[in-house]
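Quick caveat, the model's predicted, so the values are computed rather than measured. So you know, we letter chains A, B, ... as the sequences are listed, proteins then strands, and number each from 1.
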Amino acid sequence: MRYSRLLSHTTRDYPRSVRSAGHALLQRGGFIRPLSQGLYSFLPLGLRVVSRVTELIRREMLALEGQEVLLPLVNPLELWRSTGRAEIAARDLVGFRDASGRDMVLAPTHEEAMVALVKSVVTSYRQLPVFLFQFQTKYRNETRPRGGLLRTREFVMNDGYSFHRSATDLNNFYPRVFAAYERIFDACRIPFVTAEAAVGMMLGDRSMEFLMPSDAGDDRVIRCEKCGYAANAEVAVGTLSRPVGDPQPLTTVPSHGAATMGELAAVFECGRDALTKTMVYSNGDELVLAVVRGDQEVSSEKLERALGTPGLHFANREELAFYGIDPRAVGPIDLPLDLLELDVTVRVVVDDVVANTPNLIVSSNESGIHFANVNFGRDFESDLVHDIARILPGARCANCASELVEQRVVELGNIFKLGDYYTRRLRLTLSDAKGRRFHPQMGAYGIGIGRLVAAIAESNHDRRGLDWPPGLAPYPFLLMGIGRSPKVAGVLEALHGELGDAFLYDDRRESISTKFRDADLMGIPMRLIVSPRTLEQGKVELLERGSTKVRPVSVAHVRTAVSEMTGGPK
RNA sequence: CGGGAUGUAGCCUAGUGGCUAAGGCGCCUGCUUUGGGAGCAGGAGAUCGGAGGUUCGAAUCCUCUCAUCCCGACCA
């Protein structure tokens, strides 16, 4: 490829709006361009990297005996209704009405469509297990895309789905995907940790995440550096130190207009850990009052798991107004009668830290009045006591009591054991060897390709530019010449003609320095330099990125040298 | 969805009420030049995000609006 013909050009200045180094280099190097918020175009260089990453992943998927398929981006909304995810994933779903008046959605993920496919093809348990994968666009209605390719609205995902005769079979397959993912991220030279994950809208039983530590990330992981425990901050567990003491008599105290934890701590001259907060959640037909200690936050993930009701969200202003709840004055003691009379289920869930801490301060349901010396069991009760709070950084590991640390991370991949959630709801039913009907056990596995490219860039660059891991650079070689002698030009043209696609041929009349700089920026790992100086001895030079040591190679042997380094001409 | 910031040529920036909107990079033409972002000469490119207003006069002040980025909430 001639550089002069390549749709790309490098820029010296950083784009104004870009923060992270990897993103800036992808843009400066001519790999990607923004189209709109959360939407990026890949230029030829960027697409070549995407192709190489895709090929790397495809090899691993095929090694797991995966079969590649391609499902539609557009799904009937009805399909999503039948698994209950039309509501649960409502915020991610964008749709339209098609020409025949049916409601369609852009798929944010493909479990439903994949089960529908399998249902129409797999008719015997003897066809199981089956592992299908694709590289397909997802669209998620992200409220805040960020960090360039790190979090976009539209992105290509490598998503895999496996179907099994039994949970045992799924349990045997799952670690093999885990190992394949480890190999993929290792090949991308990305430092990563694995952690227990939140399931979010995926539902199902269990999942693991592959996470790259990075300040650019918008997930948080809690880790124990001693025993290796790691979990998404939404689901992490640990132990908090709690005050002890004998229960004191319940009293009411005026709060002088204070309502936030900070204001209350000031008024009552206490720490936030002596307070409680009550958060109101809703899923449309049920209200949940979640009570946690004042210095903690409710984990909606833990709350949903504890109650077994996915799709909970913070009650919004309209809902609060409808139920007559003042979010600045709400608590689990003596719920207002008119709330109890409404035709809605109200459940109170108390975090186990609150349940086991004596003499807390709790808001009443009346503005301006708080209760002091509140003790769970004596002064109020709840429908459920459970761990529903996000863990605090100072907490200790439940396994080894070491201090837990929190780290910002980028989620690169996620693997789920989905059980029969989808196969049951979509009625994928087979008969087993004994004639018993069963719903196959399902696993789902996903890697965001664009995000992976962003993560590679983030983890593999230096002062001068991108430094792609072996095999992932858009071109393995940059061919360049020094001077404009016809002899040099002749050799350049011959090499380019012969080894075409392995080379990006910098045919510009720029100074050699400029060509070096651009090669560094784009991250081309090897330069092949044709100069009058060495051409006299019938040689050209190989120069590795980041090195100053040139390696002379005779022109006749260039083809061999290139083949050695690329595993054959590409 | 809450909070903050920024919009001036393809990119980075200067200009904060007064002459024809300035510079660097990039781009085009010509000459020269090629071992880590060369030089000279010439040139093109901007309804100053948009609309409305204040003013003798607006890139600059006011109102509205659109867009992008950042923090948070939410979430793959």
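Judged purely by atom type and a 3.5 angstrom limit, A:E263 uses its side chain to pair as donor or acceptor with the backbone of A:T260. When atom types are taken as modelled, the side chain of A:R425 and the backbone of A:Y421 share a donor-acceptor pair closer than 3.5 angstrom.
Distance, A:R390 CZ to B:C75 P: 10 Å, rounded to whole Å. Residue A:R33 contributes atom CZ, which lies 17 Å from atom P of B:U68 at whole-angstrom precision. Rounded to a whole Å, the CG atom of A:L521 is 14 Å from the P atom of B:G26. Atom P of nucleotide B:C75 and atom CD of A:E301 are separated by 8 Å, given to the nearest angstrom. Protein atom CD of A:E510 is 13 Å distant from nucleotide atom P of B:C25, rounded to whole Å. Look at CG on A:D215: it is 11 Å from P on B:G72, rounded to the nearest Å. Between the CG atom of A:D219 and the P atom of B:C74 there is a distance of 12 Å, given to the nearest Å. A:I529 has its CD1 atom 16 Å from the P atom of B:U34, to the nearest Å.
No salt bridge links A:R451 with A:E458; every basic N to acidic carboxylate O contact stays at or beyond 4.0 Å. In this structure, A:R293 does not pair ionically with A:D351, as no charged nitrogen and carboxylate oxygen lie closer than 4.0 Å. Note on A:E297 versus A:R390: no salt bridge recorded, every NZ/NE/NH1/NH2 to OD/OE distance being 4.0 Å or above. Ion pairing between A:K138 and A:E154 fails under the 4.0 Å rule for side-chain N and carboxylate O.
B:G72 and B:G18 are spaced 40 Å apart, taking the P atom of each and rounding to whole Å. Nucleotides B:C69 and B:U8 have their P atoms positioned 14 Å apart, rounded to a whole Å. B:U47 sits 13 Å from B:A9 when the C1' atoms are compared, rounded to a whole Å. For B:G50 and B:A21, the P atoms lie 16 Å apart once the distance is rounded to whole Å. Of the C1' atoms belonging to B:A73 and B:G3, the separation is 11 Å, rounded to the nearest Å. Taking the C1' atoms as reference points, B:C11 lies 25 Å from B:U20, given to the whole Å. Taking atom P in both B:U13 and B:G49, one finds a spacing of 15 Å when rounded to whole Å. When the P atom is compared between B:C62 and B:G45, the two are found 33 Å apart, to the nearest whole Å.
The side chain of A:F314 has B:C74 as its nearest neighbour among B:C74, B:G35, B:U68. The side chain of A:R146 lies closest to B:C70 when the candidates are B:G35, B:C75, B:C70. Taking the side chain of A:R144 as heavy atoms from C-beta on, and the options B:C71, B:C74, B:G35, the nearest nucleotide is B:C71. Distances were taken from every side-chain heavy atom of A:I512 (C-beta onward) to each of B:G35, B:C74, B:C69; the shortest belongs to B:G35. With B:U68, B:C74, B:C25 as the choices, the nucleotide that has an atom nearest any side-chain atom of A:R12 turns out to be B:C25. The side chain of A:R151 sits closest to B:C75 out of B:C75, B:G37, B:G72. For A:P15, taking side-chain heavy atoms from C-beta onward, the closest of the listed nucleotides B:C12, B:G37, B:C70 is B:C12. Nearest to the side chain of A:R484, among B:C1, B:U32, B:G35, sits B:U32.
Using a 4.0 Å heavy-atom distance criterion, A:L150 is classed as making no nucleic acid contact. Looking at heavy-atom distances under 4.0 Å, A:Q27 makes no contact with the nucleic acid at all. Among the atoms of the strands shown, base atoms are found under 4.0 Å from some heavy atom of A:T514. A:R464 comes within contact range of at least one nucleobase, with a heavy-atom separation under 4.0 Å. Nucleic acid contact for A:G147: sugar-phosphate only, since backbone atoms but no base atoms lie under 4.0 Å from a heavy atom of the residue. At the heavy-atom level, A:R463 lies nowhere under 4.0 Å from the strands shown. Contacts of A:T548 with the nucleic acid, taken as non-hydrogen atoms under 4.0 Å apart, are absent. Within the 4.0 angstrom heavy-atom criterion, only backbone atoms of the sugar-phosphate kind lie near A:R19; the bases stay farther away. Nucleic acid contact class of A:R545 (heavy atoms, under 4.0 Å, all strands): none. Using a 4.0 Å heavy-atom distance criterion, A:V550 is classed as a base contact.
Base pairing analysis places B:G7 opposite B:C66; the two distances defining the Watson-Crick or G-U wobble pair are each below 3.5 Å. B:A59 makes up no base pair with any nucleotide shown, lacking Watson-Crick or G-U wobble contacts both under 3.5 Å. Nucleotide B:C40 is matched to B:G30 when pairs are restricted to Watson-Crick or G-U wobble geometry with both distances under 3.5 angstrom. Pair assignment for B:G35: none, as no Watson-Crick or G-U wobble contacts are both less than 3.5 Å. Pair check for B:G72 finds B:C1; Watson-Crick or G-U wobble, both atom distances under 3.5 Å.
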Note to self: If you apply the rule side-chain contact (heavy atoms from CB on, under 4.5 Å), what do you find for A:L452 with A:I190, and how did you get there?
What the structure shows: CA-CA 9 Å; A:L452 182 57; A:I190 297 172; 3.5 Å; yes

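A side-chain donor from one of A:E209 and A:N232 sits under 3.5 Å from a side-chain acceptor of the other.
With hydrogens and angles left out, the side chain of A:S511 and the base of B:G37 share no donor-acceptor pair within 3.5 Å. Judged by atom type and distance alone, A:D13 does not reach the base of B:G26 through any side-chain donor-acceptor pair under 3.5 Å. Below the 3.5 angstrom threshold, one finds no donor paired with an acceptor across the side chain of A:S513 and the base of B:A38. Scanning atom types as modelled, no donor and acceptor separated by under 3.5 angstrom connect the side chain of A:R16 and the base of B:C11.
Checking the phosphate oxygens (OP1, OP2) of B:A67, no side-chain nitrogen or oxygen of A:Q37 falls inside 4.0 Å. The side chain of A:S300 contributes an N or O atom lying less than 4.0 Å from OP1 or OP2 of B:C75. At B:G72, one or more side-chain N or O atoms of A:R220 fall inside 4.0 Å of OP1 or OP2 (strictly under the cut-off).
Toward the 5′ end of RNA chain B lies the nearest nucleotide of A:R28, the other residue of the pair A:R28 and A:M157 mapping further downstream. Mapping A:F210 and A:H9 onto RNA chain B by nearest heavy atom places A:H9 at the nucleotide closer to the 5' end.
Rounding to the nearest 0.5 Å places NZ of A:K515 at 13.0 Å from CZ of A:R527.
A pairwise comparison of heavy atoms in A:G446 and A:Y181 identifies N-OH, 2.9 Å as the closest pair.
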